J.: 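Would you mind keeping the following structure in view while I ask a few things?
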Amino acid sequence: MLQAMMQAKVGDDVFGEDPSINQLEHMAARLFGMEAALYCPSGTMSNQIAIKCHTQPGDEVICEKNAHVYIYEGGGIAFNSGSQVRAIEGDRGRIRADQVSAAINPDDVHKARTSLVCLENTSNRGGGSCYDLQEIKKIKQVCSDNHLKLHLDGARLFNAMVAKNETATVYGGLFDSISVCLNKGLGCPIGSILVGPTVFIRQARRIRKVFGGGMRQAGFMAAAGVYALEHHVDRLAQDHAHAARITKALENKGFVTGIMPVETNIVIFEVDEPYCAPDHCRRAKRGGCSGHRHFLQPAAFCHPPGYFTRDGGSGD
């Protein structure tokens, strides 16, 4: 990957003249069967751009109560888009079609206009849980019936596709927009891709500029994304296997309780006396559990739980 970055051809992406970024965007759009794509510095930015494109100030966005777009993006839905959130309590970060249907506001001037549904796959706070594709299809039907847009925070979407043996084009056919992180599990130092229709991406490019996300010779970073899509996707299965091994080892520890079901590359568990999460992490670090792509850390929401992830933590 480093060699690919060093040999990248670069230009000015603000003017659409960076060949490496153009290559990455075309590759991502083709992969998902979408018309166009936009390279962004982070998953948070690509999510926030999508929400801004899909909503108007005063609208309401439906998502799960622990969704990254709601709790880990600095209040961006309110700050950037002037919209409010209808937070639904789901199952390990996943919501159902009937819940979405029940949360849609009626056409009443007293109510905020429901305009967007956001899903997260895999769910960070859900311990890397994967959506059932049939449930997504049901949610899509609810959105279509009620003229709502459907956005996917696919920060770990490739993890879900590898775990469930699914294809990118299936997701591209279900969502109005998808944000996919190139960092985290895919190993890039920076970057996220937002895919969608041409008109949507044209508006997204304008909003990216307003958000300060226009970059010049960013092809050095985009080349890492191209390399990752070509070489790293299949390797995510190895991360999943490592997470499963860690889980099995934790199950034999008397001080470990409450391990969440592990589907992909995130392990969330609680520690009991005589340990607390920070102490456990320090002990793990002394034992060699630290490095470039894996670590053990207490997340902000874990007190006293411990939190392990192979993809870079709670967010961008």
Side-chain angles (χ1 to χ4, degrees), residues 1-2 4-5 24 27-28 31-32 37 39-47 66-69 72-73 92-94 119-131 133 152-168 170-172 175 178-195 221-247 260-269 289-297 299 302 306-316:
M1 179 183 284
L2 179 60
M5 294 170 68
L24 175 61
M27 177 185 294
L31 182 63
F32 283 91
Y39 182 60
C40 298
S42 72
T44 292
M45 182 177 285
S46 56
N47 280 331
N66 288 315
H68 193 284
V69 296
Y72 282 142
E73 298 187 4
R92 290 193 292 132
R94 302 163 299 185
L119 306 183
E120 181 181 342
N121 198 24
T122 66
S123 169
N124 186 335
R125 285 286 295 268
S129 59
C130 303
Y131 263 93
L133 195 59
L152 177 61
D153 173 7
R156 290 160 298 279
L157 180 55
F158 284 105
N159 290 92
M161 291 192 296
V162 167
K164 306 282 280 187
N165 194 28
E166 297 164 343
T167 63
V170 171
Y171 281 90
F175 289 88
I178 301 175
S179 168
V180 182
C181 282
L182 299 170
N183 52 15
K184 299 185 172 69
L186 289 179
C188 295
I190 187 175
S192 175
I193 283 286
L194 180 63
V195 295
M221 295 300 177
V226 172
Y227 185 90
L229 291 179
E230 291 177 340
H231 299 283
H232 287 180
V233 174
D234 291 342
R235 295 182 64 192
L236 293 175
Q238 182 180 4
D239 284 352
H240 300 173
H242 288 166
R245 287 178 61 192
I246 291 167
T247 303
M260 293 183 67
V262 176
E263 293 186 59
T264 51
N265 65 326
I266 297 177
V267 180
I268 298 178
F269 60 94
C289 188
S290 63
H292 178 62
R293 294 189 61 244
H294 65 282
F295 56 88
L296 190 64
Q297 68 167 30
C302 291
Y307 178 87
F308 173 86
T309 173
R310 299 262 321 161
D311 74 7
S314 64
D316 298 298

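This one's a predicted model, so the numbers in the text were calculated from it and none came from an experiment.
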J.: For residues Asn66 and Glu120, report the shortest heavy-atom separation together with the two atoms involved.
T.: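 Shortest heavy-atom separation between Asn66 and Glu120 comes out as O-OE1, 4.3 Å.
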J.: Could you state the interatomic distance from CG (Asn47) to SG (Cys181), rounded to the nearest 0.5 Å?
T.: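 Rounded to the nearest 0.5 Å, the CG-SG separation comes out at 7.5 Å.
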J.: If we ignore hydrogens and angles and just use 3.5 Å, is the side chain of Ser129 paired with the main-chain N or O of Arg92 as donor and acceptor?
T.: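 Yes.
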J.: Are Phe32 and Val180 packed together at the side-chain level, in the sense that at least one heavy-atom pair is separated by less than 4.5 angstrom?
T.: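 Sidechains of Val180 and Phe32: in contact.
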J.: Which is it for Leu24 and Leu182 under the side-chain contact (heavy atoms from CB on, under 4.5 Å) test, yes or no, and what are the steps along the way?
T.: CA-CA 11 Å; Leu24 175 61; Leu182 299 170; 3.8 Å; yes
J.: Please report the shortest heavy-atom distance between Tyr171 and Asn121, naming the atom on each side.
T.: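 Minimum heavy-atom separation between Tyr171 and Asn121: OH-ND2, 3.1 Å.
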J.: Answer yes or no: is there a donor N or O on one side and an acceptor on the other, between the side chain of Glu263 and the main chain of Ala163, under 3.5 Å?
T.: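 The answer is no, because no donor-acceptor pair under 3.5 Å joins these two groups.
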J.: When rounded to the nearest 0.5 angstrom, what distance separates CG in Leu152 from CD1 in Ile178?
T.: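 It comes to 5.5 Å.
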J.: Between CG of Asp239 and OG1 of Thr264, what distance do you get to the nearest 0.5 Å?
T.: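 Rounded to the nearest 0.5 Å, the CG-OG1 separation comes out at 9.5 Å.
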J.: Is there a side-chain contact between Pro189 and Met5 (heavy atoms, below 4.5 Å)?
T.: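 With C-beta onward as the side chain, the pair touches.
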J.: Taking all atoms of both residues into account, what is the closest heavy-atom pair of Gly43 and Ser179, and its distance?
T.: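 Residues Gly43 and Ser179, closest heavy atoms: O-OG, 3.9 Å.
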J.: Please find the pair of heavy atoms, one from Met45 and one from Pro41, that lie closest to each other, and give the distance.
T.: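 Closest approach of Met45 to Pro41: SD-CD, 3.4 Å.
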J.: If you round to the nearest 0.5 Å, how far is OH of Tyr131 from NZ of Lys164?
T.: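 So the NZ of Lys164 and the OH of Tyr131 are separated by 12.5 Å.
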J.: Is the shortest heavy-atom distance from the side chain of Phe158 to the side chain of Leu229 under 4.5 Å?
T.: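 Of all side-chain heavy-atom pairs linking Leu229 with Phe158, at least one is under 4.5 Å.
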J.: Which is it for Met221 and Cys188 under the side-chain contact (heavy atoms from CB on, under 4.5 Å) test, yes or no, and what are the steps along the way?
T.: CA-CA 8 Å; Met221 295 300 177; Cys188 295; over 6 Å; no
J.: Here's a test for you: under side chain to side chain contact (heavy atoms under 4.5 Å, CB included), which of Lys184, His240, Gln238 qualifies with Asn265?
T.: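 That would be His240; it is the only one of Lys184, His240, Gln238 passing the side chain to side chain contact (heavy atoms under 4.5 Å, CB included) with Asn265.
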J.: For a side-chain contact (heavy atoms from CB on, under 4.5 Å) check, start with the C-alpha distance between Glu230 and Met27, then their side-chain angles and the critical distance, and finish with the verdict.
T.: CA-CA 10 Å; Glu230 291 177 340; Met27 177 185 294; 3.8 Å; yes
J.: On a heavy-atom basis, which atom in Arg125 and which in Met260 lie closest, and how many Å separate them?
T.: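 Scanning both residues, the minimum pair turns out to be O-CE, 3.8 Å.
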J.: Atom CG in Leu236, atom CG in Asp234: separation rounded to 0.5 Å?
T.: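 Here the rounded value is 8.0 Å.
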J.: Could you check whether any side-chain N or O of Ser123 sits under 3.5 Å from a backbone N or O of Gly128, counting only pairs where one atom can act as donor and the other as acceptor?
T.: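 It does not hold such a pair.
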J.: Please give me the minimum heavy-atom distance between Asn124 and Ile268, naming the atom from each residue.
T.: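 Looking at all heavy atoms of both residues, the shortest contact is O-CD1, 3.9 Å.
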J.: Determine, stepwise, if the pair Arg156 / Ile266 fulfils side-chain contact (heavy atoms from CB on, under 4.5 Å).
T.: CA-CA 10 Å; Arg156 290 160 298 279; Ile266 297 177; 4.0 Å; yes
J.: How many angstroms lie between OH in Tyr39 and CD1 in Ile190, if you round to the nearest 0.5 Å?
T.: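 Going from OH on Tyr39 over to CD1 on Ile190, the span is 5.5 Å.
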